[in-house]
Amino acid sequence: MLDIRLIREDTQRVRQAMIDLGAMDAPVEEAIRLDARRRQILVDMEGLKAERNAGSKQIGALLRQGQTEAATQQKEAMTALGARIAGLETELKQVEADLNWAMLTIPNLPLPEVPIGKDDSENVVIRIVGEWPTFDFVPRPHWELGEGLGILDLERGVKLSGSRFYVLKGLGARLQRALIAWMLDVHTQQHGYTEVYPPVMVREACLVGTGNLPKFGDNLYRDIEDDLWLIPTAEVPVTNLYRDEILEAEQLPIKHVAYTPCFRREKMSAGKDTRGIKRGHQFDKVEMVKFVTPESSRAELDSLVTDAEAICRLLGIPYRVVQMCTGDLSFVAAIKFDLEMWAPGCDEWLEVSSCSLFTDFQARRANIRYRPEPGGRPRYVHTLNGSGLALPRVMIAVLENYQQADGSVVVPEVLRPYVGAEVIR
RNA sequence: GGAGGGUUGGCCGAGUGGACGAUGGCGGCUGUCUUGAAAACAGUUAUACCGCAAGGUAUCGGGGGUUCGAAUCCCUCACCCUCCGCCA
């Protein structure tokens with residue numbers, strides 16, 4: 001959520017941002033109009049309430065003096081006042097509900113440094129890192145490798161749960177578990193993150209806090225009976241850890257890393273990426289989340305990207321860092337970098353991480369603040385998150401980059417203690 | 001799942017329809033005293049919104065209702081506690 005004062009006072013900047021984002025349908029004008037009306041109602045209503053409060057006090061005094069007749073007259077006057085107040089209150093509620101909806105549907109403003117562009121074709125490749133593997137054979141895609149090795153069972157995944165579900169077996173399951181444990185160890189032991197194990201089912205308020213709701217509910221699974229939602233990413237519960245809290249300045253930065261399964265309907269992309277394990281309804285991910293001061297947030301984004309890159313580097317898999325242009329920024333992000341690993345079998349770049357700075361956009365929605373000075377006024381924190389990394393795609397990259405002519409796969413050095421094998425054959 | 005009890009300011013805890021934004025205590029801050037500190041004493045100590053200001057409005061877990069007027073009465077939801085049942 002943006003600051004309504006910013007919309008009110010720097011309207012032109014907000015309008016231009018919506019154009020850059022390709023979000024011209026964002027209800028900026030509506031928000032300005034509703035905000036003005038809200039404040040007018042408030043002024044009128046508060047005046048009437050002040051009158052009523054004073055008048056009601058008099059009734060008490062009159063009754064104590066035994067002047068029942070005067071009290072009755074006064075009561076009638078107050079009833080009339082009450083009716084006027086009620087009318088304004090009804091309108092106020094509607095205006096506030098409409099304003100709230102508008103505020104929740106206006107996207108975050110991009111930082112000035114974000115390149116202007118209409119869609120993903122105008123994203124900017126920042127750097128390409130690592131060495132390409134060389135093959136004296138045609139590298140196979142992971143679904144062939146996985147099924148050939150008996151570590152991936154796509155058919156039975158479909159039998160159990162339908163399309164976009166799969167089963168990992170043997171060293172396949174072990175490889176995934178190894179990646180999870182290893183990535184958590186790297187982030188906690190080398191990058192200073194504190195591990196968190198959060199619920200994967202959350203209340204609606206959490207999803208509003210991170211910006212998934214109200215606009216993007218159709219990509220979420222939900223249990224109607226108990227009114228809980230399955231998380232699409234650990235970002236949701238971990239960011240909401242400090243919802244409605246005021247943190248002390250010395251607590252910041254707070255850096256958390258969490259491993260969770262993630263659940264997404266993916267009905268927007270039906271038919272896309274149906275082959276293999278690239279895009280499923282359920283997948284595992286290690287996620288980093290930071291809570292920082294506004295002054296430090298931009299630098300914290302760079303270090304977040306560096307932390308995610310470390311995983312790619314240590315695995316020895318070539319990757320690139322891509323900066324999203326304005327048109328490809330997510331609803332909540334002010335600036336965002338993706339990490340993409342090269343997959344020689346599928347012959348494509350795989351998005352394995354998405355690192356974003358949300359400025360105070362999520363913090364305002366989730367009401368996460370900190371106190372810069374003891375006893376001082378609270379300010380909103382800045383929140384960031386980045387995958388570190390998303391598992392099925394790292395699995396794909398490992399299998400395809402480390403494959404050998406006979407269909408076996410060499411286990412990357414760093415994972416060997418975790419996998420307990422040097423080669424998957 | 002069943003039965004009962006709770007939720008008040010930074011913390012503890014009083015308050016069952018009007019002088020209550022809320023007694024009191026603790027903690028915090030300021031001052032007096034002191035070389036300094038402690039103790040004692042005095043004062044002070046919530047947040048948001050509107051307003052140049054004076055001031056006003058709202059907030060006693062959330063929402064709704066009754067009433068001229070609600071921390072107080074009614075309904076509802078959430079959470080916590082106790083007991084029973086069930087369970088990994």
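Computed from heavy atoms alone, side chains included, the values below leave out hydrogens, waters and symmetry copies. This structure is a prediction, so every number in the text was calculated from the model and none was measured. Reminder, nothing fancy here: chain letters follow the sequence lines and each chain counts from 1.
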A.B. asks: If a pair means Watson-Crick or G-U wobble with both distances below 3.5 Å, what does RNA chain B look like in dot-bracket form, with | marking bases paired to a different strand?
C.D. replies: ((((((((.[[[..)..(.....]]]((((((.......))))))(((((....))))).[[[[[..)....]]]]])))))))....
A.B. asks: Nearest to the side chain of A:Arg39, heavy atoms from C-beta on, is which of B:C79, B:C50, B:G18?
C.D. replies: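 Comparing B:C79, B:C50, B:G18 against the side chain of A:Arg39, the answer is B:C50.
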A.B. asks: Say we look at B:C41 and B:G25: how far apart would their P atoms be, to the nearest angstrom?
C.D. replies: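 One P to the other, the span is 11 Å.
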A.B. asks: Using the C1' atom on both, measure B:G5 against B:A88 and round to a whole Å.
C.D. replies: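 These two C1' atoms come out 29 Å apart once rounded.
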A.B. asks: Please pick, from B:A78, B:C50, B:U57, the nucleotide with the shortest atom-to-atom distance to any side-chain atom of A:Lys49.
C.D. replies: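 Given the options B:A78, B:C50, B:U57, the side chain of A:Lys49 is closest to B:U57.
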A.B. asks: For RNA chain B, which residues of residues 76-86 of chain A approach it to below 4.0 angstrom with any heavy atom?
C.D. replies: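 Those residues are A:Met78, A:Thr79.
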A.B. asks: Does B:C49 have OP1 or OP2 sitting under 4.0 Å from an N or O in the side chain of A:Arg5?
C.D. replies: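 Looking at the OP1 and OP2 atoms of B:C49, one of them is under 4.0 Å from a side-chain N or O of A:Arg5.
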A.B. asks: For atom P, what is the distance between B:G27 and B:U76, given to the nearest Å?
C.D. replies: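 Going atom to atom, P in each nucleotide, I get 43 Å.
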A.B. asks: Using the C1' atom as the reference point in each nucleotide, state the distance between B:G4 and B:A42 in Å, no decimals.
C.D. replies: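 About 48 Å, rounded to a whole number of Å.
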A.B. asks: Mind telling me whether A:His187 and A:His191 have parallel, tilted or perpendicular rings, with 30° and 60° as the class edges?
C.D. replies: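 Ring orientation of A:His191 relative to A:His187: tilted.
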A.B. asks: How close do A:Leu34 and A:Val95 get, counting heavy atoms only, and between which atoms?
C.D. replies: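 Heavy-atom minimum between the residues: O-CG1, 3.5 Å.
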A.B. asks: Would you mind checking if A:Glu235 and A:Lys285 are paired as a salt bridge, meaning a charged N to carboxylate O distance below 4.0 Å?
C.D. replies: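 A salt bridge is absent here (no side-chain N lies under 4.0 Å from a carboxylate O).
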A.B. asks: So with a 6.0 Å cut-off around CZ of A:Arg8, is the heavy-atom count from everything else above 12?
C.D. replies: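 Counting neighbours around CZ of A:Arg8, more than 12 heavy atoms of other residues, nucleotides or ligands fall under 6.0 Å, so yes.
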A.B. asks: Under 6.0 Å from the CD atom of A:Glu69, do we count more than 12 heavy atoms belonging to anything else shown?
C.D. replies: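 12 or below, so no.
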A.B. asks: What is the distance from CG of A:Leu42 to P of B:C50, rounded to the nearest Å?
C.D. replies: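 Value for this atom pair: 8 Å.
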A.B. asks: Which is more 5' along RNA chain B, the nucleotide nearest A:Ser56 or the one nearest A:Gly47? Just name the residue.
C.D. replies: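 Upstream on the strand: A:Ser56.
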A.B. asks: Hey, does the side chain of A:Arg265 reach the backbone of A:Leu220 with a donor-acceptor pair shorter than 3.5 angstrom?
C.D. replies: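 A pair under 3.5 Å: yes.
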A.B. asks: Between B:U72 and B:G61, how many Å separate the two C1' atoms, rounded to a whole number?
C.D. replies: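 The same atom, C1', in both gives a distance of 16 Å.
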A.B. asks: If you measure from the P atom in B:A39 to the same atom in B:C20, how many Å do you get, rounded?
C.D. replies: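 To the nearest whole Å, 32 Å.
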A.B. asks: Hey, which sits more toward the 5' end of RNA chain B by its nearest nucleotide, A:Gly55 or A:Arg38?
C.D. replies: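 Its nearest nucleotide lies further toward 5', so the answer is A:Arg38.
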A.B. asks: Surrounding NZ of A:Lys57 (heavy atoms of other residues, nucleotides or ligands, distance under 6.0 Å), is the total greater than 12?
C.D. replies: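 Incorrect, the count does not exceed 12.
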A.B. asks: Does A:Arg416, at its CZ atom, have more than 12 non-hydrogen atoms belonging to other residues, nucleotides or ligands within less than 6.0 Å?
C.D. replies: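 Correct, the count exceeds 12.
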A.B. asks: Dump every N/O contact between nucleotides 63-66 of chain B and the protein below 3.5 Å, one line per pair.
C.D. replies:
{"from": "B:G64", "atom 1": "OP1", "to": "A:Lys93", "atom 2": "NZ", "distance (Å)": "3.2"}

A.B. asks: When the distance from CZ of A:Arg369 to P of B:U47 is rounded to whole Å, what number comes out?
C.D. replies: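 So the CZ-P distance, A:Arg369 to B:U47, works out to 10 Å.
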A.B. asks: Within the structure, does a side-chain N or O atom of A:Arg52 lie under 4.0 Å from either OP1 or OP2 of B:G69?
C.D. replies: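 Checking B:G69 against A:Arg52, a side-chain N or O does come within under 4.0 Å of OP1 or OP2.
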A.B. asks: Whole angstrom is fine here: how far is it from CG in A:Asp226 over to P in B:C77?
C.D. replies: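 Value for this atom pair: 14 Å.
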A.B. asks: Closer than 4.0 angstrom, basic N to acidic O: yes or no for A:Glu91 and A:Arg37?
C.D. replies: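 Result for this pair is yes, salt bridge flagged.
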A.B. asks: Less than 4.0 angstrom between a side-chain N/O of A:Asn53 and OP1 or OP2 of B:A58, yes or no?
C.D. replies: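 Yes, within the criterion.
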A.B. asks: Of all the heavy-atom pairs spanning A:Val208 and A:Leu104, show the shortest one and how long it is.
C.D. replies: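 That closest heavy-atom pairing would be CG1-CD2, 4.1 Å.
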A.B. asks: Before accepting this row, confirm whether a basic side-chain N of the pair A:Arg140/A:Glu147 lies closer than 4.0 Å to the acidic partner's carboxylate O.
C.D. replies: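 No.
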A.B. asks: If the C1' atom of B:A48 is compared with that of B:C86, how far apart are they to the nearest Å?
C.D. replies: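 That atom pair is separated by 46 Å.
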A.B. asks: Determine the interatomic distance between C1' on B:C33 and the same-named atom on B:A40; round to the nearest Å.
C.D. replies: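 That atom pair is separated by 9 Å.
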A.B. asks: Could you tell me whether A:Glu266 and A:Arg279 have a side-chain N and a carboxylate O separated by less than 4.0 Å?
C.D. replies: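 The answer is yes: the pair qualifies as a salt bridge.
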A.B. asks: Mind calculating the distance between CD (A:Glu46) and P (B:G51) to the nearest angstrom?
C.D. replies: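 In whole Å, B:G51 P and A:Glu46 CD are 10 Å from each other.
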